[in-house]
Amino acid sequence: MSENHNPKTSIVLFGATGDLAKRKLYPSIYNLYITGKLSEQFVVIGIARRPWDDQTLRDNVRKAIEEAHLPTDNIEQFCNHFFYLPFDVTDTKSYQRLNQRLQELETEFHIPGNRIYYMAMAPEFFGTIAIQLKNEGVTQSDGWNRLVIEKPFGHDLPSAQKLNNEIREAFTEDQIYRIDHYLGKEMVQNIEVIRFANAIFEPLWNNRHISNIQITSSEVLGVEDRGGYYETSGALRDMVQNHLLQMVLLLSMDPPIRLATDEVRSEKIKVLRAVRSISSEEADDYFIRGQYDAGTIQDHQVPGYRSEKNVNPESKTETFVSGKLMIDNHRWAGVPFYVRTGKRMAQKSTKIVVQFKDLPLNVYTQKNEKQDSSIHPNLLVIHIQPDEGITLILNGKKIGLLGETIPVKLDYSHTSVDGVNTPEAYERLIYDCMLGDATNFAHWDEVNLSWALIDPISEAWSDSNKDIAKYEAGTMGPIESERLLEKDGFKWWPLEKL
Ligand SMILES: NC(=O)C1=CN([C@@H]2O[C@H](COP(=O)(O)OP(=O)(O)OC[C@H]3O[C@@H](n4cnc5c(N)ncnc54)[C@H](OP(=O)(O)O)[C@@H]3O)[C@@H](O)[C@H]2O)C=CC1
Ligand SMILES: O=C1O[C@H](COP(=O)(O)O)[C@@H](O)[C@H](O)[C@H]1O
């Protein structure tokens, strides 16, 4: 690989002792190393308050990689690139020590001043860190400087604007990489390929041929140890404002003129501007929410949300959201985009179902009019996770029976064809950031518009006196979610059968 593909980089990891670093970032950086995408000219400086030293960090990195079940042949060599600097990020004086340590290590590892600052910490620190990095001259290196920001990017539009203003004091928009890990998923990245590299789909990709699109991201897990965070967030802010909306944009945007970052972003922003605003008064017509009660999942009894750690026993926080988005432009007018996400649901699954319109006249439906019609709508299913692939559901002839049809599936499963596990989303995104490719990161305009869309809905819910609808853990959400589609004449397609 050329040097361009093996960037020489220092990564300053704020929050090096935390959960995200351990579960996602260390295994991802290691995978980049063992797959040859990182040169030997890289270092990671971990920062947190704990009084660790280089060796303690290395021991923890090794443990994280072992726990991720990755092959450990190169682990010693890899860990020697890790260094630890204990400090409180609110202590301004410590940033000079950081700069000095970076310069020493850049000399030792022949790194030309390229620096990534990865904020794997609580969001209240993001602004302070960015400003201190600038004020103390850390960002004045000879190479490039990039800032990676974890979610949540704000809590609503005003807080997101405040955070953005703070980080923009120190970094320009093109130096900022706002992580949305769904944009790093293999099959989310595949949406553009399916749409723009196949002659059979693009002509049909509009309101003349598509009746509705359904996006589900369901989880089996509850809030685990994140009750405190989740209480202030809820499913709408945690999943819909970012991950689900990003999938809607990739499905609905016009083809970019080139696959360049600015072109893709500009198409996403254009379609986001066409998403119909929903006022607080209209919120209940478009979005419904729910909260899980106790139930049984995979033969295990699980508690209700209100009994979880750090959760208010009278909490009205939603753990489930189902909603309808309308895009008021020529391509999509009249086509609902339904989104649904929740915790403690029946299965862990993210799928997109594109339902095509029925034929204006179908001789097989006509023929079967008096019987139960066996014609199935054509569906394109994009399996995002845990299985990765595409299914096209067509109608075929029922074997032996003249004039009777049966739904047939054309399946492409990614793992069964390639026989390999696809890279972790974080692995791709860290690598993209090293290469300076911001296509799969959220631009400020996307974040800005998405909060503007979501805020009236969360305001309506926080002002409401109504109790929240409950759903039993292990189900697909409250009945209201089914009704949302029924009133438009549709139904959620059962994911386990697709
Ligand atoms: N965990 C996950 O799966 C996900 C996390 N995120 C986001 O990533 C970020 C980090 O999350 P997570 O790793 O779970 O959080 P943790 O609470 O596990 O980690 C927080 C880190 O910040 C450090 N820290 C806290 N205060 C200070 C301080 N004043 N100075 C220096 N270091 C400090 C802690 O170390 P110490 O105590 O030693 O100082 C620790 O390393 C958050 O923004 C979260 O929303 C996003 C998606 C998923
Ligand atoms: O960002 C988040 O995503 C996870 C779900 O991610 P996935 O890749 O497992 O689908 C969710 O559990 C978490 O609450 C949210 O913050």
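Just so you know, ligand 1 is whichever comes first in the structure, and atom 1 is the first atom listed for that ligand.
- Those atoms of ligand 1 that come under 4.0 Å of a heavy atom in Pro152, given as number and element, are 45 (O).
- An N or O contact shorter than 3.5 Å links Gln385 to ligand 2 by distance.
- At a 4.0 Å heavy-atom cut-off, ligand 1 touches Arg49 through backbone and side chain alike.
- Protein heavy atom nearest atom 7 (P) of ligand 2, with residue, atom name and distance: Lys348 NZ, 3.4 Å.
- By the criterion of a heavy-atom distance under 4.0 Å, neither the backbone nor the side chain of Phe14 is placed next to ligand 1.
- In terms of protein heavy-atom proximity, atom 29 (N) of ligand 1 is nearest to Asp88 OD1, 3.0 Å.
- When the options Ala48, Ala120, Pro123 are ranked by their closest heavy atom to atom 20 (C) of ligand 1, first place goes to Ala120.
- Proximity of atom 38 (O) of ligand 1 to the protein is indicated by at least one non-hydrogen atom lying closer than 4.0 angstrom.
- A salt bridge is defined here as a Lys NZ or Arg NE, NH1 or NH2 lying under 4.0 Å from an Asp or Glu carboxylate O, and Lys24 with Glu424 meets this definition.
- Residue Gly15 approaches ligand 1 through these ligand atoms, each under 4.0 Å from one of its heavy atoms: 21 (C), 22 (O), 41 (O).
- Distances shorter than 4.0 angstrom occur between a heavy atom of Asp238 and an atom of ligand 2.
- For ligand 2, one of its N or O atoms has an N or O atom of Lys151 under 3.5 Å away.
- Atoms of ligand 1 lying under 4.0 Å from at least one heavy atom of Phe87, given by number and element, are 30 (N), 31 (C).
- Close contacts between ligand 1 and Arg50 involve ligand atoms 35 (O), 36 (P), 37 (O), 38 (O) [criterion: under 4.0 Å to a heavy atom].
- Ion pair Glu106/Arg115 flagged as a salt bridge, since at least one NZ, NE, NH1 or NH2 atom sits closer than 4.0 Å to an Asp/Glu carboxylate oxygen.
- Contacts between Arg23 and ligand 1 below 4.0 angstrom, taking non-hydrogen atoms only, involve the side chain exclusively.
- Heavy-atom separations between Phe125 and ligand 1 include at least one value shorter than 4.0 Å.
- Within 6.0 Å of CG on Asn312 lie more than 12 heavy atoms contributed by other residues, nucleotides or ligands.
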